[in-house]
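Working notes, structure below.
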Amino acid sequence: MRITSATIYGIHLPLIEPFIISYHKYVNMPSVIVELHTDEGIIGFGEATPDEHVTGETFDGVIEALSQFILPAIQGENPFRIEAIHEKMDQLLYGNPTVKAAVDIACYDLMGKKAGVPVYDLLGGRYHDQLEVPKVLSILEPDEMAKQARKAKEEGYASIKLKVGTDVRKDVERIKAVRAAVGQSFPIRVDANQGWQTSSLALSVIRKIEECDIDWIEQPVVADDIDALAEVRSKTKIPVMIDEGLHGLKEMREVIAKKAADKINIKLMKCGGLYRGSQLVHMAEMAGMTCQVGSMVESTVASAAGLHLATAKKSIQSHELVGPLMFSKNIAHLPFTTNSISLSKKPGLGIDIDPFALEQMTTRKIQVDV
């Protein structure tokens with residue numbers, strides 16, 4: 001099986017309601033879908049959801065990198081040669097993990113369809129029969145977040161993740177209000193998205209919420225200050241998770257050496273896809289750390305890829321792949337219930353792309369005869 005051509009779709013996914021985190025407010029989600037064709041007629045889909053605040057990549061930049069550099073370079077490649085494909089991409093283009101993730105995911109979709117097995121079988125086989133589904137709350141006023149948290153619990157969600165990081169005083173109020181709304185035993189995770197910036201400020205907030213029984217604090221300090229993260233971890237009993245500060249293997253080595261986190265948040269868009277994501281899982285496991293698969297609020301394509309990784313790995317104990325639940329329109333379906341998801345045995349990513357919906361949301365389309 002050889003890759004013969006590709007189509008790039010630049011799309012904008014409409015959000016049901018704005019998604020607000022510490023550094024941005026999203027009203028829709030720009031994403032890039034990659035469709036790889038092979039000489040055997042098998043088609044694989046991948047996705048790049050760029051976030052300029054995290055990896056420095058943009059919507060237009062991803063499209064240009066794919067059309068002008070990466071896709072022409074994989075002409076005639078066998079998708080099963082995934083390590084060689086990653087090496088070729090790395091030699092051609094420094095960084096750009098979101099671009100590489102799109103190709104990586106599409107290759108795994110092709111591999112699974114060719115072999116007749118779901119992607120999780122290519123990553124170690126099904127370990128988790130089903131995955132719990134969290135409710136992710138945008139930054140809002142404390143009373144509104146408490147109201148939404150109470151509703152999420154009543155609807156059957158397994159846990160709540162709070163976005164905070166814009167105002168430390170209100171953040172404390174937000175966390176305490178949500179805890180009061182859902183009771184003391186319901187799982188709550190707090191994500192500051194770098195918003196508390198320094199270790200001293202982060203610790204001042206953490207001390208005020210210690211009685212709230214938080215599962216973990218995610219990325220309380222700026223991304224590139226792993227020393228500050230290590231200080232926070234050493235001075236609190238609440239587990240600490242690294243997110244924006246961890247892209248790939250280089251940062252993972254530093255996190256392990258400095259004992260900077262208890263948990264890692266793996267995002268396919270930060271690390272370059274499933275192949276690199278699997279490497280991060282294995283490094284974390286050797287270091288005695290647990291993992292989460294995170295999301296850039298992706299469509300069904302990349303969300304499915306992340307769910308396959310989470311399904312296959314024992315050390316992945318949570319995920320936040322709820323992008324498909326946040327869109328009013330999407331390009332495919334995933335079998336979410338209110339509190340869990342279990343992937344099917346269908347080959348590849350196991351999703352059926354709706355071509356009409358894909359075309360409807362496309363704002364840029366490029367054919368690449370690779």
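K176 contributes no side-chain N or O that, together with a main-chain N or O of C212, makes up a donor-acceptor pair within less than 3.5 Å. Not one N or O on the side chain of D191 forms a donor-acceptor pair closer than 3.5 Å with the backbone of K163. The closest donor-acceptor contact from the side chain of E285 to the backbone of S315 lies at 3.5 Å or more, if one exists at all. Distance alone, capped at 3.5 Å, places no donor-acceptor pair between the S328 side chain and the I16 backbone. Under the 3.5 Å distance criterion, the side-chain polar atoms of R179 are matched with a main-chain donor or acceptor of Q184. Here the side chain of S303 pairs no donor or acceptor atom with the backbone of T300 at under 3.5 angstrom. With hydrogens and angles ignored, the 3.5 Å screen pairs no side-chain donor or acceptor of H128 with any backbone N or O of T311. Listed for the D109 side chain is no donor-acceptor partner under 3.5 Å among the backbone atoms of G348. Remark: side-chain polar atoms of N96 are paired, donor with acceptor, to backbone N or O of Y94 under 3.5 angstrom. A side-chain donor-acceptor contact under 3.5 Å links E57 to the backbone of V99.
In K88, the NZ atom is crowded: over 12 heavy atoms of neighbouring residues, nucleotides or ligands sit closer than 6.0 Å. When the shell of 6.0 Å around NZ of K153 is examined, it contains more than 12 heavy atoms from other residues, nucleotides or ligands. Within a 6.0 Å sphere centred on CD of E211, other residues, nucleotides and ligands contribute more than 12 heavy atoms.
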Practice item. Apply salt bridge (charged side-chain N to carboxylate O under 4.0 Å, His left out) to the pair D90 and R276, showing each step before the final yes or no. Key: CA-CA 12 Å; D90 289 344; R276 297 298 187 204; 2.9 Å; yes
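For the salt bridge (charged side-chain N to carboxylate O under 4.0 Å, His left out) test, no residue two or more places apart in sequence or in another chain qualifies with R207. Shown here are the salt bridge (charged side-chain N to carboxylate O under 4.0 Å, His left out) partners of E231, two or more places apart in sequence or in another chain: K235. With sequence neighbours left out, Y157 forms a ring-ring contact (aromatic ring centres under 6.0 Å, His included) with no residue at all.
Between F45 and the choices T7, L36, I33, the side-chain contact (heavy atoms from CB on, under 4.5 Å) rule is met once, by I33.
Classification of D39 and R2 as a salt-bridged pair fails, no side-chain N sitting under 4.0 Å from a carboxylate O. Of the charged side-chain nitrogens involved, none lies within less than 4.0 Å of a carboxylate oxygen, so that R150 and E154 do not count as a salt-bridged pair. Ionic pairing of K161 and E218 is present here: one or more N-O contacts between side-chain nitrogen and carboxylate oxygen are shorter than 4.0 angstrom. The pair E244-K267 does not count as a salt bridge, with every side-chain nitrogen at least 4.0 angstrom from each carboxylate oxygen. Under 4.0 Å is where a charged nitrogen must lie from a carboxylate oxygen, and between R174 and D167 no such pair does.
L123 and Y127 are not part of a single hydrophobic cluster, where members link through side-chain heavy atoms under 4.5 Å apart. Under the 4.5 Å side-chain heavy-atom criterion for Ile, Leu, Val, Met, Phe, Trp and Tyr, I21 and V27 are members of distinct hydrophobic clusters.
One distance of note links CD of E173 with CZ of R169; it measures 4.5 Å at 0.5 Å rounding. Atom NZ in K313 sits 9.5 Å away from atom CD1 in I266 (nearest 0.5 Å). Expressed to the nearest 0.5 Å, how far OG1 of T38 lies from CD1 of I43 amounts to 8.0 Å. How far CE of M145 is from CG of D171: 8.5 Å, rounded to the nearest 0.5 Å.
Looking at E298 and T49, their side chains never bring a donor and an acceptor atom within 3.5 Å of each other.
Here W216 sits in one hydrophobic cluster together with M241; the rule is ILVMFWY side chains under 4.5 Å apart, joined directly or through other members.
Contacts classified as side chain to side chain donor-acceptor pair (under 3.5 Å) and involving residues 129-146 (residues at least two apart or in different chains) are given here: E141-K170, E144-Q148.
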Give the table of side-chain donor-acceptor pairs shorter than 3.5 Å for residues 63-70, with sequence neighbours excluded, one pair per line with atom names and distance.
from	atom 1	to	atom 2	distance (Å)
E64	OE2	R364	NH2	3.1
S67	OG	I63	O	2.9
S67	OG	E64	O	3.4

